[in-house]
Amino acid sequence: MSLPTQLHDLTLVELAQQLRERKVSAVETTQHFLARAQEHAALGTYLAMDEAVSLRQAAAADARLANGTAGTLEGVPMAHKDIFATKDFPTTAGSKMLNGYRSSFDSTVVSQLGRQGVVSLGKLNCDEFAMGSANENSAFKPVLNPWDTTRIPGGSSGGSAVAVAARLVPAATGTDTGGSIRQPASFCGISGIKPTYGRASRYGMVAFASSLDQAGPMARSAEDCALLLTAMCGPDLDRDSTSLDIPAENYSRQLNDSIDGLRIGVPAEFFGEGLAPDVRAAVDAALQEYTKLGATLVPISLPRTELSIPVYYIIAPAEASSNLSRFDGVKFGHRADKYTDLIDMYKKTRAEGFGDEVKRRIMIGTYVLSHGYYDAYYLQAQKIRRMIADDFQQAFQQCDVIAGPVAPTVAWKLGDKSADPVAAYLADIFTLPSSLAGLPGMSIPAGLGADGMPVGLQLIGNYLQEAKLLNVAHRFQQATDFHLSKPAGI
């Protein structure tokens, strides 16, 4: 088989090495992945591409590779979730409200990856303003799961997950507010990690819920994610008030450490009623694989797991209603064509520009923040959020990492939960607790469930323990080949 047909089967780490050794050029690599994106356009992954921009970046990468000034990811093509501001491509956040908007700057995550030599292929589809669990809320088109195109890919980073799973890119950026990296990674059979809140700068990310939103990488393996996370994270104190004042670190440093004696906490609440038998079987098998590697399974409890859904769906909409108030048709974005006065312009602009799910969350958020309800709902939710975080700290006294399912089921059929938003909200029950606590979490492939659909294993670590999480994930992937599986026909 000739090299160009093999490029998309290389992991990010392997491809970066091929580029460093000059076995393939950045321009050739970029052309290959651009062609694949066109070939599989029906999956709905991309919202914006510009071949001239990508090839110009690739040519510059080849020049740096030739003169010895290459970054760690020099010439590697990636694409970005359309929630990150970019100078070279439109930024829509999957919404008509920002249709055609072009930022005057790059988000910190995009610029840091660019400094390491990443070539950007374009912007990837997502649920509107990152609100959704199925990627059916995009204002432009749904994204289809490459394992079964009648099913959803998960959300809101569904475009990113599908692009990686279908080998349209070796890796992509995503964002995770309540599970939006981990859940689509699980549904599409790839690896994805959400770092500790504040590890990656939120500067230039279109805000949904500011106390929850966090950027992270999505790729085929934990090894790939470690390399990407190293490039993405670090303090950004001048531009992001939520950025942690902690130096950047090399997340690949512990990848090959032994996990003999590792204590894996298994929460009883993650294995109760509602967990599909096929998902449970795959997760149980993955946990048994860890025992073969020398780990010990420790029963733990996260007693407020069920409360994470009402808590999240009070706090996140409250923050969304505040963040999205800036989209009023005055300074940027969509503006209604016909209106009688300022108030009428606000009403018509938002009615036309926002989709149903975004309107629903804005209304919920405005309600819980209103006079008479703030104390009853919002403040109570914040108190329980603190208790959920305390539950994790109690658990981490007994274990080193926590493991369980990412979602109660495999990916469902397109449209199955469109008429019942609460049913889609319930699918986030296992990812929401760690998001509310600000903990790092990741999803890695753990086998196939019903109808041959991927199942993800969720790993949750204590604060700032991303390197440990990646080590635990990598050792599993050295012992299994689930992460090497790909959809039929890809």
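The residues of the chain are indexed from 1 along the displayed sequence. What you see below is based on every heavy atom in this structure, not just the backbone, and it leaves out hydrogens, waters and symmetry mates.
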Which residues share a side chain to side chain contact (heavy atoms under 4.5 Å, CB included) with D400, sequence neighbours left out: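 Expected list: L262, R263.
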For A185, all residues meeting side chain to side chain contact (heavy atoms under 4.5 Å, CB included), sequence neighbours excluded: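 Partners of A185 by the side chain to side chain contact (heavy atoms under 4.5 Å, CB included) criterion, ordered by chain and then number, come out as I190, M218, S443.
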Mutual orientation of the aromatic rings belonging to Y312 and F208 [parallel < 30°, tilted 30-60°, perpendicular > 60°]: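 Y312 vs F208 ring planes: perpendicular.
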Residues D390 and R386 bridged, charged N to O under 4.0 Å: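 Salt bridge between D390 and R386, a charged N being under 4.0 Å from a carboxylate O: yes.
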Are the side chain of [X] and the backbone N or O of [Y] linked by a donor-acceptor pair below 3.5 Å?
{"X": "E319", "Y": "S211", "result": "yes"}
{"X": "T242", "Y": "G198", "result": "no"}
{"X": "Q57", "Y": "S120", "result": "yes"}

Aromatic contact, F187 with W412 (centres under 6.0 Å):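 Yes: the rings meet the under 6.0 Å criterion.
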Q116 atom CD: more than 12 heavy-atom contacts under 6.0 Å: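 For Q116, atom CD is crowded (more than 12 foreign heavy atoms under 6.0 Å).
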E269 atom CD, neighbour heavy-atom count above 12 within 6.0 Å: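 Yes, enclosed.
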Pairs satisfying salt bridge (charged side-chain N to carboxylate O under 4.0 Å, His left out), at least one member in residues 144-161, at least two apart: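 Only D148-R151, D148-K413, R151-D451 qualify under salt bridge (charged side-chain N to carboxylate O under 4.0 Å, His left out).
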Residue pairs passing the salt bridge (charged side-chain N to carboxylate O under 4.0 Å, His left out) test where at least one lies in residues 117-133, sequence neighbours excluded: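 Checked against salt bridge (charged side-chain N to carboxylate O under 4.0 Å, His left out) - neighbours excluded - the pairs reaching residues 117-133 are D82-K123.
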Any pair counted as ring pair (Phe, Tyr, Trp, His ring centres under 6.0 Å), so long as it reaches residues 462-490, sequence neighbours left out: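 Listed by first then second residue: Y290-F476.
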Extract all donor-acceptor atom pairs below 3.5 Å that involve side chains of residues 34-46 and protein atoms in other chains or at least two apart in sequence.
unit_1, atom_1, unit_2, atom_2, d
R36, NE, R167, O, 2.8
R36, NH2, A166, O, 2.9

Residue pair T480 / E289, side-chain donor-acceptor N/O under 3.5 Å: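 Not at all, the side chains of T480 and E289 share no donor-acceptor pair under 3.5 Å.
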